[in-house]
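Please read all numbers here as calculations on a predicted model, not as lab measurements.
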Amino acid sequence: MADKQHHGRSCCCCLWGMLWKILVTLIVLVGIVVLIFWLVVQPRSFKFYVTEAELTQFDYHTNNNTLHYNMVLNFTSRNPNKKLSIYYDKVEALAFYEDARFGNYDVITHMNSFRQYKKTSSPMSAVFSGHRVLPLNNDQVSKLNQDKTVGAYDIYVKLYFRIRFRLGDSISRHLKPKVKCDIKVPFTKNATFTMFHTTKCHVHF
Ligand SMILES: *[C@@H]1O[C@H](CO)[C@@H](O)[C@H](O)[C@H]1NC(C)=O
Ligand SMILES: *[C@@H]1O[C@H](CO)[C@@H](O)[C@H](O)[C@H]1NC(C)=O
Ligand SMILES: *[C@@H]1O[C@H](CO)[C@@H](O)[C@H](O)[C@H]1NC(C)=O
């Protein structure tokens with residue numbers, strides 16, 4: 001009885017040993033395939049910049065806690081890849097001042113989604129205009145007055161992307177990178193003349 005049990009266990013062991021070897025071989029093979037794919041395709045993220053900013057209204061009224069705003073941003077998105085093209089299916093932009101969101105804009109929808117070929121750049125733009133109740137505290141209001149004196153506002157823009165990569169005829173699943181831009185936007189009464197400096201944004205996958 002004891003002998004039989006022992007025999008059964010050793011057979012089980014050699015089966016496990018074999019499976020283990022197959023598994024290790026598979027992992028190594030997959031690793032090599034992934035490495036070759038990476039070396040040949042060299043997949044890279046897109047690069048994103050705010051190229052122009054036009055702020056013609058940014059008035060906060062403390063009596064009703066309302067911000068009246070009007071801001072136009074121009075962006076450039078660059079695909080640095082040598083082998084991949086990018087489908088921009090959806091992009092939504094949110095604008096914040098002092099952590100408070102004041103505006104949002106659909107930059108890319110199904111109406112203007114597009115394919116960006118390798119090694120090219122594409123313009124995009126966002127228009128934030130209207131008014132919103134923004135409960136700013138005293139510190140935030142004094143920061144706003146400070147920005148007003150300087151003549152430039154520290155604005156934070158967050159963009160939610162929905163993209164796909166294309167290699168030859170195969171298209172990836174949807175990816176949802178987020179882009180964060182910290183920009184300093186000069187206030188411009190005269191909209192034809194701005195002093196905005198192109199700002200690179202952070203892209204997170
Ligand atoms: C808030 O108050 C300001 C100044 O009193 C006024 O100009 C503005 O229209 C008000 N905003 C709203 C949304 O009522
Ligand atoms: C921003 O983009 C819009 C639309 O592409 C364009 O008409 C406008 O001239 C651009 N503004 C600046 C300041 O480049
Ligand atoms: C805007 O500013 C530019 C440069 O300072 C000036 O040439 C132009 O006449 C101004 N336009 C208006 C409408 O004030």
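Surrounding NZ of Lys47 are more than 12 heavy atoms belonging to other residues, nucleotides or ligands, all under 6.0 Å away. Atom NZ of Lys119 has more than 12 neighbouring heavy atoms from other residues, nucleotides or ligands inside a 6.0 Å radius.
Here OG of Ser45 is found 7.5 Å from CD1 of Ile86. Values are rounded to the nearest 0.5 Å. Distance check: Thr25 OG1 to Trp20 CH2 gives 11.0 Å after rounding to the nearest 0.5 Å. A distance of 13.0 Å separates NZ of Lys143 from CG of Asn137, quoted to the nearest 0.5 Å.
Between Tyr88 and the choices Phe165, Phe114, Phe48, the ring-ring contact (aromatic ring centres under 6.0 Å, His included) rule is met once, by Phe114. Exactly one of Gln116, Arg164, Arg166 qualifies for a side chain to side chain donor-acceptor pair (under 3.5 Å) with Tyr87. That residue is Arg166.
Partners of Arg115 according to the side-chain hydrogen bond (donor to acceptor under 3.5 Å, both in side chains) rule, which considers only residues two or more places apart in sequence or in another chain, are Ser85. Residues forming a side-chain contact (heavy atoms from CB on, under 4.5 Å) with His61 (at least two apart in sequence, or on another chain): Asp59, Asn63, Asn64, His68. With sequence neighbours left out, Phe187 forms a ring-ring contact (aromatic ring centres under 6.0 Å, His included) with no residue at all.
Remark: aromatic rings of Phe46 and Phe161 are close, center separation under 6.0 Å. Taking the six-membered ring for Trp and the full ring otherwise, the centers of Phe58 and Tyr69 sit at least 6.0 Å from each other.
Taking the side chain as every heavy atom from C-beta outward, Ser77 and Met124 approach each other to under 4.5 Å. Looking only at side-chain heavy atoms (C-beta outward), Asn70 and Leu55 stay at 4.5 Å or farther from each other. At least one side-chain heavy atom of Lys180 sits less than 4.5 Å from a side-chain heavy atom of Tyr156.
A salt bridge does not link Arg162 to Asp89: none of the charged side-chain nitrogens sits closer than 4.0 Å to a carboxylate oxygen. A salt bridge is defined here as a Lys NZ or Arg NE, NH1 or NH2 lying under 4.0 Å from an Asp or Glu carboxylate O, and Lys184 with Asp147 fails to meet this definition.
Scanning all heavy atoms of the two residues, the minimum distance from Val107 to Ala93 falls at CG2-CB, 3.8 Å. Across all their heavy atoms, Leu144 and Tyr97 have their closest contact at CA-OH, 3.2 Å.
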